[in-house]
Amino acid sequence: MTKGYLIIGWIMAMQTAFLFLIGITAGEFPYFALNPMSLTVLSFCMHYLYPQFKDKDERMKMIREKGIFYSYFAILTFFIILMSTLGLGVIELTAMNLMYVITSLTIMTVFISMVIMAKIY
């Protein structure tokens with residue numbers, strides 16, 4: 001099963017690289033490529049986490065709980081930074097591009113924090 005996550009991760013990584021290449025050659029930042037990038041991170045994180053998560057034990061529950069706990073504060077920080085920079089006019093984003101950024105940051109933050117918690121515990 002872990003090889004499946006790894007294969008999907010590499011396929012998504014190639015797709016993400018292609019989407020970034022297309023967006024950059026078009027002359028603007030490819031916000032639409034952020035979601036496939038976050039799914040790439042999700043696949044690689046699940047490749048690492050699957051051996052810990054297949055056993056439904058206390059360690060797995062602790063990794064999930066602590067990962068979500070720390071992700072909450074990181075995501076809250078991201079929101080504060082985004083709201084401040086948008087409110088001050090430092091950056092200009094459309095609603096759709098903002099949703100791409102928020103969605104990708106949320107997915108990546110949750111799964112990377114779980115990987116960090118799995119390495120610590």
Side-chain angles (χ1 to χ4, degrees):
M1 186 66 177
T2 59
K3 288 187 190 264
Y5 286 122
L6 191 61
I7 292 168
I8 290 171
W10 282 111
I11 291 170
M12 293 292 292
M14 289 186 291
Q15 179 186 10
T16 301
F18 178 73
L19 289 173
F20 269 107
L21 179 69
I22 295 299
I24 290 170
T25 56
E28 59 185 51
F29 185 78
Y31 290 101
F32 56 87
L34 292 176
N35 284 340
M37 182 179 74
S38 65
L39 294 177
T40 302
V41 171
L42 183 146
S43 296
F44 287 131
C45 288
M46 285 307 296
H47 168 71
Y48 179 80
L49 291 171
Y50 181 75
Q52 283 89 7
F53 282 5
K54 72 178 178 181
D55 301 326
K56 304 243 186 245
D57 58 353
E58 289 298 317
R59 182 173 180 265
M60 183 231 16
K61 289 179 185 175
M62 186 177 62
I63 290 169
R64 283 186 178 175
E65 288 174 4
K66 296 254 185 195
I68 295 296
F69 177 75
Y70 291 119
S71 294
Y72 170 76
F73 292 107
I75 292 168
L76 191 61
T77 304
F78 293 149
F79 286 167
I80 291 170
I81 291 169
L82 281 171
M83 284 189 295
S84 299
T85 55
L86 286 170
L88 295 173
V90 176
I91 58 173
E92 294 290 326
L93 290 176
T94 64
M96 197 64 197
N97 290 345
L98 183 62
M99 292 307 296
Y100 287 138
V101 170
I102 289 173
T103 304
S104 63
L105 280 175
T106 302
I107 292 170
M108 289 188 291
T109 303
V110 168
F111 283 94
I112 290 173
S113 67
M114 284 186 195
V115 168
I116 292 170
M117 291 301 115
K119 284 186 179 267
I120 291 174
Y121 298 107

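Basis for what follows: all heavy atoms, side chains included, without hydrogens, waters or symmetry-related copies.
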Return yes if some donor-acceptor pair links the side-chain N/O of R59 with the main-chain N/O of Y121 below 3.5 Å, else return no. yes
Count the heavy atoms belonging to other residues, nucleotides or ligands that lie under 6.0 Å from OH of Y72, then report whether that count exceeds 12. no
Side-chain (T25) to main-chain (I22) donor-acceptor, under 3.5 angstrom: yes
I'd like to check L34 versus Y31 (side-chain heavy atoms, cut-off strictly below 4.5 Å). Are they in contact? yes
Nearest heavy atoms of A13 and T40, plus distance in Å: N-OG1, 3.5 Å
Could you pull out the closest heavy-atom pair between L42 and I107, with the gap in Å? CD1-CG2, 3.8 Å
Working to the nearest 0.5 angstrom, can you tell me the gap between M12 CE and I7 CD1? 14.5 Å
Is there a continuous path of hydrophobic side-chain contacts, each under 4.5 Å between heavy atoms, that joins L76 to M117? yes
Looking at side-chain heavy atoms only, is the closest gap between P51 and T2 below 4.5 Å? yes
Check N97 against L93 and note the closest heavy-atom contact, atom names and distance. CB-CD2, 4.2 Å
Does the side chain of I75 come within less than 4.5 Å of V110's, by heavy atoms? yes
G9 versus S43, closest heavy-atom pair with distance: CA-CB, 3.6 Å
Please answer: with hydrophobic residues joined when any side-chain heavy atoms are less than 4.5 Å apart, are L6 and Y48 in the same cluster? no
Do I116 and F53 land in one hydrophobic cluster if side-chain heavy atoms of ILVMFWY residues count as linked below 4.5 Å? yes
Euclidean distance, T109 OG1 relative to I68 CD1, rounded to 0.5 Å: 10.5 Å
Following the transitive rule for hydrophobic clusters with a side-chain heavy-atom cut-off under 4.5 Å over Ile, Leu, Val, Met, Phe, Trp and Tyr, establish whether F73 and I81 coincide in one cluster. no
Do V115 and C45 come within less than 4.5 Å of each other through their side chains, counting heavy atoms only? yes
Counting neighbours of CZ on F32 that are heavy atoms of other residues, nucleotides or ligands and sit closer than 6.0 Å, is the number greater than 12? yes
Point-to-point distance, once rounded to the nearest 0.5 Å, from NZ of K61 to NZ of K66: 15.5 Å
With the 4.5 Å side-chain cut-off for hydrophobic clustering, are F79 and L86 part of the same group? yes
Closest non-hydrogen atoms of S38 and N35, given as atom of the first, atom of the second and distance, are OG-O, 2.7 Å
Of the non-hydrogen atoms in D55 and M60, which two are nearest, and what is the gap between them? O-CB, 3.7 Å
Would you call the rings of F44 and W10 parallel, tilted or perpendicular, taking 30° and 60° as the class edges? perpendicular
With a 4.5 Å heavy-atom cut-off, do F78 and I102 have their side chains touching? no
